[in-house]
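In what follows, a structure is listed as structure tokens, so that the remarks can point back to it.
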Amino acid sequence: SDWGEFAVAFQFAGIIIIAVNAFENAFLPFYYKEAKKNNSSHELGKLFTYILSIIFLIILFTLIILKPVIIIIVDSSFHSAIKYIPLLLLSNALFAIYKIVQVNILFAEKNHLLSSHKILGSILTVFSLYLFIVILKFGILSIVYSMILVNFLTLFQGFYHSKKLNIIFH
């Protein structure tokens with residue numbers, strides 16, 4: 001079934017989110033320590049670039065190893081779940097980058113901006129799912145397209161606010 005395949009792909013693609021959450025927990029104390037130093041924005045900007053590179057290397061590595069892993073671990077009736085992995089990884093990559101941008105906004109103590117991102121993301125999720133499922137009738141891919149769209153726009157909004165606040169990015 002398509003739903004079963006999607007569920008399998010979603011679980012495997014979620015590995016990225018687990019890794020990002022673990023990284024964020026380890027990164028936050030270091031970030032706050034460095035951000036409090038004078039002239040730290042240039043160094044943290046370089047660190048942001050390194051983190052982006054690491055995220056994309058993890059995604060690339062995951063893309064390469066997931067197909068054989070799914071074939072070995074998952075029942076053969078779910079092997080076609082592989083077709084959802086690249087798009088789900090793209091969505092999760094956008095979310096992972098937002099999580100890094102979010103740290104900058106947290107440090108600036110602009111929690112109301114993060115709340116606005118979440119509210120807008122929630123509203124956009126409802127409308128995009130309606131668009132992709134009901135109007136365009138994309139089926140299960142509607143969920144993936146909605147996730148990509150929402151994560152992209154949330155990241156864009158977060159990046160805009162970080163740039164506007166002149167936090168880290170140079």
Side-chain angles (χ1 to χ4, degrees), residues 2-3 5-25 27-28 31-32 35 41 44-63 66 81-170:
D2 287 344
W3 286 107
E5 292 169 2
F6 179 78
V8 168
F10 190 81
Q11 292 300 315
F12 278 101
I15 293 168
I16 299 300
I17 300 303
I18 293 169
V20 167
N21 286 335
F23 172 78
E24 183 182 28
N25 289 335
F27 176 67
L28 276 175
Y31 175 86
Y32 281 115
S41 61
L44 289 172
K46 287 193 318 190
L47 182 61
F48 179 76
T49 303
Y50 295 143
I51 291 169
L52 285 180
S53 301
I54 290 168
I55 289 171
F56 286 112
L57 287 174
I58 291 170
I59 299 249
L60 182 62
F61 178 74
T62 305
L63 270 172
L66 268 187
I82 294 166
K83 67 186 173 196
Y84 299 112
I85 296 288
L87 291 174
L88 285 168
L89 285 175
L90 171 61
S91 172
N92 289 346
L94 294 170
F95 178 76
I97 296 167
Y98 174 75
K99 294 284 278 183
I100 303 304
V101 170
Q102 173 182 302
V103 171
N104 298 327
I105 298 170
L106 278 171
F107 180 74
E109 298 179 358
K110 302 291 184 183
N111 294 345
H112 67 282
L113 294 175
L114 296 176
S115 296
S116 72
H117 299 170
K118 297 296 181 191
I119 291 168
L120 181 64
S122 298
I123 293 168
L124 186 59
T125 298
V126 171
F127 285 115
S128 64
L129 284 172
Y130 181 79
L131 171 70
F132 292 129
I133 293 173
V134 176
I135 296 174
L136 299 175
K137 301 185 186 317
F138 285 151
I140 292 176
L141 283 176
S142 300
I143 298 167
V144 181
Y145 294 152
S146 176
M147 289 171 58
I148 291 170
L149 178 65
V150 169
N151 286 334
F152 174 78
L153 292 176
T154 304
L155 171 61
F156 180 78
Q157 186 180 23
F159 188 81
Y160 170 77
H161 284 131
S162 290
K163 192 71 173 165
K164 185 176 176 185
L165 294 168
N166 199 25
I167 307 169
I168 306 310
F169 307 109
H170 291 282

**OP:** Kindly give the heavy-atom pair with the smallest separation between A93 and I59, and that separation in Å.
**Re:** CB-CD1, 3.3 Å
**OP:** Kindly compute the distance separating CD (E24) from CD1 (I100), expressed to the nearest 0.5 Å.
**Re:** 6.5 Å
Subject >> Side-chain touch F6/V144, heavy atoms, less than 4.5 angstrom >> reply: yes
**OP:** Mind checking the CG-CD1 spacing from L89 to I148? Nearest 0.5 Å is all I need.
**Re:** 10.0 Å
Subject >> Distance in Å, L52 CG paired with L57 CG, rounded so as to fall on 0.5 Å steps >> reply: 11.0 Å
Original post:
Just wondering, are more than 12 heavy atoms of other shown residues or ligands nearer than 6.0 Å to OH in Y160?
Top reply: no
**OP:** First locate atom CZ of F152, then atom CG of L90, and finally report the distance between them rounded to the nearest 0.5 Å.
**Re:** 10.0 Å
Subject >> Contact summary for F107 and A35, nearest pair of heavy atoms >> reply: CZ-CB, 3.4 Å
Original post:
Got a second to check how far F10's CZ is from W3's CH2, nearest 0.5 Å?
Top reply: 11.5 Å
**OP:** Please answer whether the main-chain N or O of N151 pairs with a side-chain N or O of T154 as donor and acceptor at a distance below 3.5 Å.
**Re:** no
Subject >> Pair I97-F56, side-chain contact (heavy atoms from CB on, under 4.5 Å): steps then yes or no >> reply: CA-CA 10 Å; I97 296 167; F56 286 112; 3.7 Å; yes
Original post:
Are Y84 and I140 close enough, and set up right, to give a side-chain contact (heavy atoms from CB on, under 4.5 Å), and what steps lead you there?
Top reply: CA-CA 10 Å; Y84 299 112; I140 292 176; 4.2 Å; yes
Subject >> Check: Y32 and L106 side chains under 4.5 Å, non-hydrogen atoms >> reply: yes
**OP:** Before giving the answer on side-chain contact (heavy atoms from CB on, under 4.5 Å), spell out for F27 and L47 the whole-Å C-alpha distance, their side-chain angles and the decisive distance to 0.1 Å.
**Re:** CA-CA 11 Å; F27 176 67; L47 182 61; 3.3 Å; yes
Subject >> Test side-chain contact (heavy atoms from CB on, under 4.5 Å) applied to T62 and I15, I16, N92, the passing residue >> reply: I16
Original post:
Which distance, rounded to the nearest 0.5 Å, do you find between the CD1 of I105 and the OG of S162?
Top reply: 4.0 Å
Original post:
Would you find a donor on one side and an acceptor on the other, under 3.5 Å apart, between the side chain of S128 and the backbone of L124?
Top reply: yes
Original post:
Is a donor on one side and an acceptor on the other found under 3.5 Å between the side chain of S91 and the backbone of L87?
Top reply: no
Subject >> Taking every non-hydrogen atom, the tightest pair across V101 and F159 >> reply: CG1-N, 3.7 Å
Original post:
Does the pair F23 and I55 meet the rule for a side-chain contact (heavy atoms from CB on, under 4.5 Å), with working shown?
Top reply: CA-CA 10 Å; F23 172 78; I55 289 171; over 6 Å; no
Original post:
What's the shortest heavy-atom distance between A13 and I85, and which atoms?
Top reply: N-CD1, 4.4 Å
**OP:** Can you label the angle between the H161 ring and the H117 ring as parallel, tilted or perpendicular, going by 30° and 60°?
**Re:** parallel
